[in-house]
Amino acid sequence: MNDNYLSELNEPQRAAVMHINGPLMIVAGAGSGKTKVLTTRIAHLLRNGVDAFNILSLTFTNKAAKEMKERVERILGSSEARNLYIGTFHSVFARLLRAEATKLGYPSDFTIYDSDDAKSVIKTILHELNLDDKHYKPNLVYGRISAAKNNLMSPEEYKHDHAIQQEDMRANRPMIGHIYEAYAKRCFKNGAMDFDDLLYKMYLLLKHFPEVLHKYQHKFKYIMIDEYQDTNPAQYEIIKLLGAAHENICVVGDDAQSIYSFRGATIQNILQFEKDYEDTKVVKLEQNYRSTKSILNVANEVIGNNKGQIEKALWTDNIEGEKIKLVRTMTDNEEGKFVADTIAEQKLRNHYNNRDFCILYRTNAQSRSFEESLRRMNIAYRIFGGISFYQRKEIKDFLSYLRVVSNTRDEENIKRIINYPIRGIGKTTIEKTMVLANDQDIPFWEVLVRAREFGFKGGTLEAIDGFVTMIQSFQAMVQQQHNAYDIAIAVGKSTGIVKELFNDKTTEGLARYENIQELLNSIKEFTETPTEDGELLEKSLGTYLQQISLLTDADNGSDENSDVVKLMTIHAAKGLEFPVVFNVGLEESLFPSSMSINTREELEEERRLFYVAVTRAKTRLFISYANSRYRFGNLVQNEPSRFLDEMPEKYIDRSYAGGGVRNAFGGSNSGWGNSNNMFDRKKTVVTQPPTATGVRSTPKPMPVVSTHVPSPNFTPDDPATMEAGMEVEHQKFGFGTITAMEGASHNRIATVVFPKAGGEKKIMLNYAKLMITKR
DNA sequence: CCGGGCATCCTTTTT
DNA sequence: GGATGCCCGG
């Protein structure tokens with residue numbers, strides 16, 4: 001590393017980098033070179049004799065962690081950098097918990113539940129407690145539990161907290177405490193932790209095992225935390241515990257960019273840091289290197305409407321730049337078209353590449369209109385966030401096998417795959433198994449292993465045994481030190497999943513097959529890439545699973561620099577920057593969201609979100625809103641967002657006509673910025689469908705089958721006595737005549753002609769009942 | 001027991 | 001418009 005690294009910094013940046021011991025708070029405005037400071041500071045620490053093994057650096061996203069690692073490597077070289085502990089809160093804690101799992105009674109291969117897994121456990125529990133999931137919405141219940149854990153509250157404490165009980169009573173949901181308790185028990189029994197547990201259990205571990213605390217306090221002598229404004233109480237307490245021995249804590253944050261309170265983050269953590277740690281050195285990074293004056297001034301002006309901030313004045317030496325283009329369209333589809341057209345225009349006019357553009361929206365659901373318009377214009381794009389690769393059904397199914405092999409305590413995942421592919425283990429069998437497992441207080445898996453003993457018979461027993469044997473064969477492979485890829489291949493073959501998807505020639509089937517292949521490839525890549533840190537040399541299944549559970553699709557981009565327009569939510573864009581940004585959907589009830597306008601705090605968070613959105617842009621910023629848009633399938637009208645009124649008029653250009661609002665059938669020929677513009681605009685308005693009234697009648701289809709009222713004395717007859725030629729009555733189809741019988745004695749199928757209900761039908765007599773009216 | 005078809009909810013934002 | 005849940009027919 002060269003000695004000049006300090007000279008590339010401005011005054012406050014250098015002050016931050018050179019502070020080595022004692023608490024440090026860096027208030028880093030948007031685009032003020034925060035990552036540069038963090039990475040340079042790590043270099044500086046090492047330069048001054050700090051051991052890389054003693055540095056812990058925590059971020060919120062994999063992306064941020066990855067970037068930090070890469071930048072440190074660039075300064076230090078990879079041999080030294082690999083000894084640093086850089087990762088997300090969740091991944092670092094998962095690793096530590098894995099090492100200490102047995103102390104908490106967990107297997108070291110514990111499963112990590114994502115929120116879908118968690119909600120499905122909650123549904124099971126609601127069912128068991130005989131609670132109505134219409135009233136106890138899994139989403140809501142999960143949110144309460146999550147909030148409790150983020151505030152380090154156990155089920156016991158939850159149940160005895162007066163304020164919380166009042167709240168739940170008032171909402172008429174008094175059982176949430178019990179659900180939480182049962183949920184926690186079930187997760188433990190399953191050997192599984194959800195995302196929040198990774199923080200909560202980490203806290204408990206440090207709190208209740210002093211020797212563990214001491215070990216890690218000693219190991220992590222220097223701690224750095226990125227995006228400190230987004231930490232929640234659990235993270236806060238963990239950091240406090242870890243840092244207590246040496247207080248070499250460096251936090252970086254910007255209160256103006258705190259946008260995660262819905263996840264339990266409290267802005268108080270950063271506002272109070274100075275009070276928590278005596279002699280905190282505070283450094284403010286106020287020079288913005290990213291944006292034009294126009295962009296920055298708009299951002300500053302808007303955020304000025306928030307109260308109670310850390311005082312700072314963000315400024316820039318950059319050029320004034322173009323005004324912010326504010327564009328109104330009639331509909332969401334037109335908004336999509338506007339953006340795609342403008343991208344095409346800007347590419348020509350200002351020689352941009354696709355990768356220079358980013359479309360930012362408030363909710364994932366908004367992506368559709370932009371996808372459609374970009375596709376029509378043949379502009380390559382990629383959506384970040386939304387349903388990630390690992391949340392796809394086929395991927396989750398496949399991974400469930402691997403998870404079960406790794407941890408048979410995991411009832412949730414066993415249930416997911418026990419009948420996939422179909423092997424004749426149905427709902428009845430699963431329920432019976434659950435009851436047995438509960439009654440005997442043994443794992444679900446053990447009931448399956450001892451199925452014969454528990455009275456399962458015939459085909460069911462055979463199917464269960466086959467399933468158990470198969471899983472055990474995979475486990476044997478784990479024992480024999482086969483790596484994750486070998487086992488995944490075996491799973492794909494033995495289960496028949498790969499073959500089944502291969503034979504499915506529908507479009508979706510094809511996509512699923514490709515996804516599975518991609519998954520297998522990624523597992524292969526995992527096993528073949530040498531690990532950077534000495535602690536994780538093996539390429540075991542367990543290691544693999546642990547890693548991917550915390551992966552969101554953001555990290556999945558090997559094509560980081562591929563030339564595509566990026567689409568994402570504003571939340572996902574935090575920390576990123578783009579030459580040209582489209583900030584779309586600036587409408588009341590969408591942005592700010594109708595969910596977040598009830599309190600001042602909520603509204604201020606929305607405003608901070610807008611601030612984040614604006615400050616992503618380097619040189620050009622387009623802001624758009626639609627007069628009306630489709631929501632849940634019908635057209636709604638929205639007022640322009642109140643944030644638009646907060647933007648200073650002198651930096652706004654409302655006259656921009658768009659890259660040419662084209663006529664709806666324009667397709668390949670994009671007619672922007674030329675003399676046809678007027679025509680195009682007119683046409684566009686006219687071609688709006690007449691559904692714009694907002695009323696859409698949904699015609700009710702007539703029932704195909706005429707409803708037959710069964711005879712009052714209807715009693716099904718024994719299928720064994722039925723023969724062709726008999727006249728019969730069906731509860732739905734009415735009267736008919738049997739024309740043929742087939743099937744073995746235990747599964748007879750009658751072909752019956754029902755004159756009043758569409759003619760000939762095949763009736764499986766085991767399930768559908770017939771009464772004989774004439775022999 | 002299983003799969004298809006309809007009805008119903010939905011929407012913040014993410015590790 | 002889209003995913004999940006439930007019901008019913010085979």
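Sequence lines set the chain letters: A, B, ... in the order given, protein chains first and strands last, and positions in each chain run from 1.
Screening A:L198, A:I238, A:T59, A:I239 for a side chain to side chain contact (heavy atoms under 4.5 Å, CB included) with A:F89, the sole residue that qualifies is A:I239. Under the side chain to side chain contact (heavy atoms under 4.5 Å, CB included) test applied with A:F60, the options A:K574, A:H90, A:R263 reduce to a single match, A:R263.
Atoms CD1 (A:I259) and P (B:dT13) sit 13 Å apart, rounded to a whole Å. The CG atom of A:N232 sits 14 Å away from the P atom of B:dT15 (whole-angstrom rounding). Atoms OH (A:Y142) and P (B:dT11) sit 15 Å apart, rounded to a whole Å. Distance A:D194 CG to B:dT14 P: 18 Å, rounded to the nearest Å. Computed from coordinates, the A:K427 NZ to C:dC8 P distance equals 13 Å when rounded to whole Å. What separates CD of A:Q391 from C1' of B:dT15 is a distance of 11 Å, to the nearest Å. B:dT15 atom C1' lies 18 Å from atom OH of A:Y113, rounded to whole Å. Between the CD atom of A:Q366 and the P atom of C:dG2 there is a distance of 15 Å, rounded to whole Å.
The residue among A:M595 and A:S115 whose nearest nucleotide of DNA chain B lies closer to the 5′ end is A:M595. Comparing A:R423 and A:T569, the nucleotide of DNA chain B nearest to each residue sits closer to the 5' end for A:R423.
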Where do N or O atoms of nucleotides 4-7 of chain C meet protein N or O atoms at under 3.5 Å, pair by pair?
unit_1: C:dG5; atom_1: OP1; unit_2: A:K123; atom_2: NZ; d: 2.7

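When heavy atoms are screened at a 4.0 angstrom cut-off, A:F591 is found touching no nucleic acid atom at all. Looking at heavy-atom distances under 4.0 Å, A:D197 makes no contact with the nucleic acid at all. Within the 4.0 angstrom heavy-atom criterion, only backbone atoms of the sugar-phosphate kind lie near A:N419; the bases stay farther away. At a threshold of 4.0 angstrom between heavy atoms, the contacts of A:F60 are confined to the sugar-phosphate backbone, with no base atom among them. A:N364 comes within 4.0 angstrom of the backbone, heavy atoms only, and of no base.
Using cut-offs of 30° and 60° for the angle between ring planes, the A:F262 and A:Y260 rings count as tilted. Ring geometry, A:F643 versus A:F591: the interplanar angle exceeds 60°, so the pair is classed perpendicular (tilted spans 30 to 60°).
A salt bridge links A:D117 to A:R403: at least one charged side-chain nitrogen sits closer than 4.0 Å to a carboxylate oxygen. A salt bridge between A:E604 and A:R600 is present, with a side-chain N of the basic residue lying under 4.0 Å from a carboxylate O of the acidic one.
Ring stacking is absent between A:Y260 and B:dT13, as the pair misses the limits of under 5.5 Å between centres and under 30 degrees between planes.
Looking only at atom types and distance, the side chain of A:S369 has no donor-acceptor partner in the side chain of A:D332 under 3.5 Å away. Side-chain atoms of A:Y390 and A:D114 form no donor-acceptor pair, as typed in the model, at a separation below 3.5 Å.
Taking only side-chain nitrogens and oxygens, A:S596 never comes nearer than 4.0 Å to OP1 or OP2 of B:dT13. Taking only side-chain nitrogens and oxygens, A:N139 comes nearer than 4.0 Å to OP1 or OP2 of B:dT11.
Taking atom P on both B:dT13 and C:dT4, the two are 15 Å apart, rounded to the nearest angstrom.
With distances taken from any side-chain atom of A:T61 to the nucleotides B:dT15, B:dT13, B:dC10, the minimum falls on B:dT15. When each of B:dT14, B:dT11, B:dC10 is scored by its nearest atom to the side-chain atoms of A:K137, the top-ranked nucleotide is B:dC10.
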